[in-house]
2 protein chains.
Amino acid sequence: MTAAERPSQPVYRTVANKLRSDIAAGTYKNGVRLPTESELASEFGASRQTIRRAFHDLVSEGIVHRVPGRGTFATEHNSRYLRQLGSIEDLMNLSTDTTMDIVSPLRRQVNIEAASRLRLDTDVVYGVTFRRVHDSVPFVHTRVFLPEAVARHVLDSPELMEGASSTSTLIGLLEPHLDAPIARADQSITVAPATAEVAEVVNCDTGHAMLRVDRLYSNDRDELCELALSYFLPEHYTYRITLRR
Amino acid sequence: MTAAERPSQPVYRTVANKLRSDIAAGTYKNGVRLPTESELASEFGASRQTIRRAFHDLVSEGIVHRVPGRGTFATEHNSRYLRQLGSIEDLMNLSTDTTMDIVSPLRRQVNIEAASRLRLDTDVVYGVTFRRVHDSVPFVHTRVFLPEAVARHVLDSPELMEGASSTSTLIGLLEPHLDAPIARADQSITVAPATAEVAEVVNCDTGHAMLRVDRLYSNDRDELCELALSYFLPEHYTYRITLRR
DNA sequence: CGTTATTTGTGCGTATGTATT
DNA sequence: AAATACATACGCACAAATAAC
């Protein structure tokens with residue numbers, strides 16, 4: 001419905017983006033103070049409240065910290081605590097030495113829960129199920145759900161057809177077709193018993209305790225693009241993360 | 001204005017805490033809409049802006065999402081205790097609303113495996129065992145091992161004595177005393193059955209499938225400083241991470 | 001040592017726009 | 001078409017922490 005002709009974005013987002021890229025460019029390294037709220041308000045012709053809104057986002061992203069009376073500073077991950085190393089690229093590179101075998105091809109279906117988690121206003125989603133194999137050992141069962149608007153770009157991909165086997169990742173297949181790039185992935189990791197289907201696909205007992213990883217990908221407009229529900233065999237997979245300063 | 005109220009906190013935080021705990025209690029499960037901004041403003045005698053500030057925090061924590069014209073909804077995450085342990089603020093904030101109960105105080109012991117993982121040239125390590133409690137529910141059992149050189153800085157800490165209970169984190173206790181700052185933590189996450197001791201401490205059955213998180217901290221000289229082995233109850237805890245580009 | 005200016009934090013009020021019902 | 005509910009944006013006042021004088 002909405003045409004792509006929407007270059008306009010909130011002022012606070014413009015401000016936040018500018019500051020983010022300046023920070024990334026190293027403009028405020030080594031404890032250099034960022035501009036004050038008043039300065040930015042003048043510079044952008046916005047109110048102090050609007051600038052605060054931008055800073056609030058940057059703070060919750062953990063890239064700046066603020067001290068009353070002193071100012072705002074880019075967070076130096078080198079001084080105190082740790083920062084996470086994992087990135088979305090790491091998730092994409094998962095494919096290099098593993099194979100994706102399609103268990104059930106990409107097709108339209110009704111799934112209220114998946115639709116709700118993707119925050120769709122219909123119950124219709126597109127789903128595909130596959131497993132990943134490493135050294136001929138299947139170690140993970142994944143179900144991916146996509147909104148219709150996203151799925152239509154990959155409906156004809158041979159990698160997602162019945163019985164296909166490739167070294168792709170779904171997000172890697174999708175990325176080139178999306179008008180806005182994937183910007184974040186929210187993951188939650190817990191333990192869940194293998195369902196009968198999962199058990200059959202990864203060759204374990206039903207009810208076996210699995211490492212369950214839910215991933216929700218979104219683009220830089222905060223639109224949800226993909227929901228991936230994975231069951232990893234803990235005997236063959238350990239989730240590793242390095243937090244660095 | 002109120003001079004007598006020392007532990008006073010901002011209204012928006014009070015509102016956010018109330019909503020967080022209601023959400024955790026399942027009050028807004030299954031798509032039940034949260035109160036509107038106006039309703040909460042009346043209920044708390046605050047302005048709509050203050051309520052919005054609270055909601056903004058909840059949104060950036062990922063526990064609610066908002067839809068213009070429809071309302072605010074709890075993000076479906078099985079109402080587990082959700083904590084984001086990818087960034088450092090999250091690691092520190094862990095202490096704000098959870099309690100650390102010492103199960104076994106910090107003391108010298110011989111543990112070949114721990115010593116080996118810390119790459120010590122002796123078998124002597126210092127170990128402490130504790131659990132963490134949230135809303136009177138124990139949700140994790142942790143054993144921490146330290147090299148002697150590190151442990152001596154906190155041997156006399158009251159927080160690590162027999163029967164102590166505090167809101168500290170061990171890394172928070174250690175940090176000020178170390179001559180070289182913690183530079184990285186390598187984590188691995190998998191599934192493991194509860195041992196008898198773990199089961200008793202977190203009140204579950206022996207053999208219950210737990211989320212096991214091993215963390216190995218090191219400083220910028222690549223010296224290993226702390227080994228933490230945690231068993232999380234998956235019913236009450238989900239490990240959350242956000243990956244960004 | 002206070003005093004003052006600066007800077008962020010909290011909280012209120014208003015107005016207007018947009019999406020949903 | 002109207003009412004509801006959230007989004008953006010402006011304004012103001014005062015508090016609290018910091019730094020410089």
Side-chain angles (χ1 to χ4, degrees), chain A residues 1-3 5-19 28 31-60 62-75 115-116 119-123 149 220-224, chain B residues 1-19 28 31-60 63-75 89:
Chain A
M1 311 298 186
T2 50
E5 40 178 291
R6 259 283 169 257
S8 172
Q9 66 174 349
V11 177
Y12 73 83
R13 200 169 288 225
T14 308
V15 175
N17 286 341
K18 171 69 159 58
L19 292 172
Y28 305 114
V32 173
R33 204 190 65 183
L34 272 71
T36 66
E37 294 175 355
S38 308
E39 288 165 355
L40 289 166
S42 302
E43 179 183 340
F44 287 90
S47 78
R48 194 186 145 214
Q49 298 311 316
T50 301
I51 305 299
R52 285 185 65 72
R53 176 69 168 82
F55 272 132
H56 197 274
D57 286 355
L58 299 183
V59 167
S60 73
I63 69 180
V64 305
H65 63 103
R66 321 195 71 199
V67 185
R70 300 215 315 141
T72 306
F73 305 88
T75 301
S116 146
R119 296 188 202 139
L120 302 177
D121 45 12
T122 70
D123 294 340
D220 55 11
R221 295 201 286 260
D222 279 333
E223 296 163 343
L224 303 178
Chain B
M1 302 304 265
T2 47
E5 295 190 35
R6 188 61 57 76
S8 161
Q9 64 174 350
V11 177
Y12 73 81
R13 197 164 300 179
T14 308
V15 175
N17 287 341
K18 171 69 160 58
L19 292 172
Y28 305 114
V32 173
R33 203 190 68 183
L34 271 72
T36 67
E37 294 176 355
S38 307
E39 287 165 356
L40 289 166
S42 302
E43 180 182 341
F44 286 90
S47 79
R48 198 186 138 213
Q49 298 312 314
T50 301
I51 305 300
R52 283 185 65 73
R53 176 71 166 78
F55 271 133
H56 197 268
D57 285 355
L58 299 183
V59 168
S60 70
I63 71 181
V64 305
H65 61 101
R66 321 194 71 197
V67 184
R70 299 218 302 140
T72 305
F73 305 89
T75 302
E89 273 125 7

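To the nearest angstrom, P of dT18(C) lies 16 Å from CD of Gln9(A). With rounding to whole Å, Leu58(A) atom CG is found 13 Å from dT8(C) atom P. One interatomic measurement links the two molecules: NE2 of His56(A) to C1' of dT8(D), which rounds to 16 Å at whole-angstrom precision. Atom CZ of Phe73(B) and atom P of dT20(C) are 11 Å apart (whole Å). Note: CD (Glu37(A)) to P (dA16(D)) measures 18 Å, nearest angstrom. When the C1' atom of dT7(C) is taken as reference, atom CD1 of Ile51(A) falls 14 Å away, rounded to whole Å. Atom CZ in Arg66(A) sits about 13 Å away from atom C1' in dT6(C), given to the nearest Å. Atom C1' of nucleotide dC10(D) and atom CZ of Phe44(A) are separated by 17 Å, given to the nearest angstrom.
Applying the 3.5 Å distance criterion, the base of dA7(D) shares a donor-acceptor pair with the side chain of Arg48(B). Below the 3.5 angstrom threshold, one finds a donor paired with an acceptor across the side chain of Gln49(B) and the base of dT14(C).
Contact annotation: Thr72(A) side-chain N/O to dT7(C) OP1/OP2 distance is not under 4.0 Å. The shortest distance between the side-chain N/O atoms of Thr50(A) and the OP1/OP2 oxygens of dT8(D) is not below 4.0 Å. Distances shown here put a side-chain N or O of Tyr12(A) below 4.0 Å from the OP1 or OP2 atom of dT8(D). At the phosphate of dT8(C), neither OP1 nor OP2 sits under 4.0 Å from any side-chain N or O atom of Arg52(A). OP1 or OP2 of dA19(D) lies within a sub-4.0 Å distance of a side-chain N or O belonging to Arg70(A). Regarding contacts with the backbone of dG11(C), every side-chain N or O of Arg53(B) stays at 4.0 angstrom or more from both OP1 and OP2.
Here dT7(C) is the nucleotide among dT10(C), dT7(C), dA5(D) with the atom lying nearest to any side-chain atom of Arg33(A). Considering only side-chain atoms of Thr36(A), the nucleotide from dA9(D), dT7(C), dA13(D) that sits closest is dT7(C). Each of dA9(D), dC6(D), dC12(C) was ranked by its minimum atom distance to the side chain of Pro68(B); first place goes to dC6(D).
Across all strands shown, dA1(D) remains unpaired; no Watson-Crick or G-U wobble contact has both distances below 3.5 Å.
Looking at Thr72(B) and Tyr28(B), their side chains never come closer than 4.5 Å, going by heavy atoms from C-beta outward. Proximity of Leu19(B) to Val64(B): side-chain heavy atoms (C-beta onward) are nowhere separated by under 4.5 Å. Looking at Arg52(A) and Val59(A), their side chains never come closer than 4.5 Å, going by heavy atoms from C-beta outward.
Checking Arg13(A) against Val67(A), the closest nucleotide of DNA chain D that is more toward the 5' end is the one next to Arg13(A).
When every heavy atom of Leu58(A) is checked against every heavy atom of Ala16(A), the shortest pair comes out as CD2-O, 4.0 Å. For the pair Val11(A) and Ala46(A), the tightest heavy-atom approach, listed with the atom from each and the gap, is CG1-CB, 4.1 Å.
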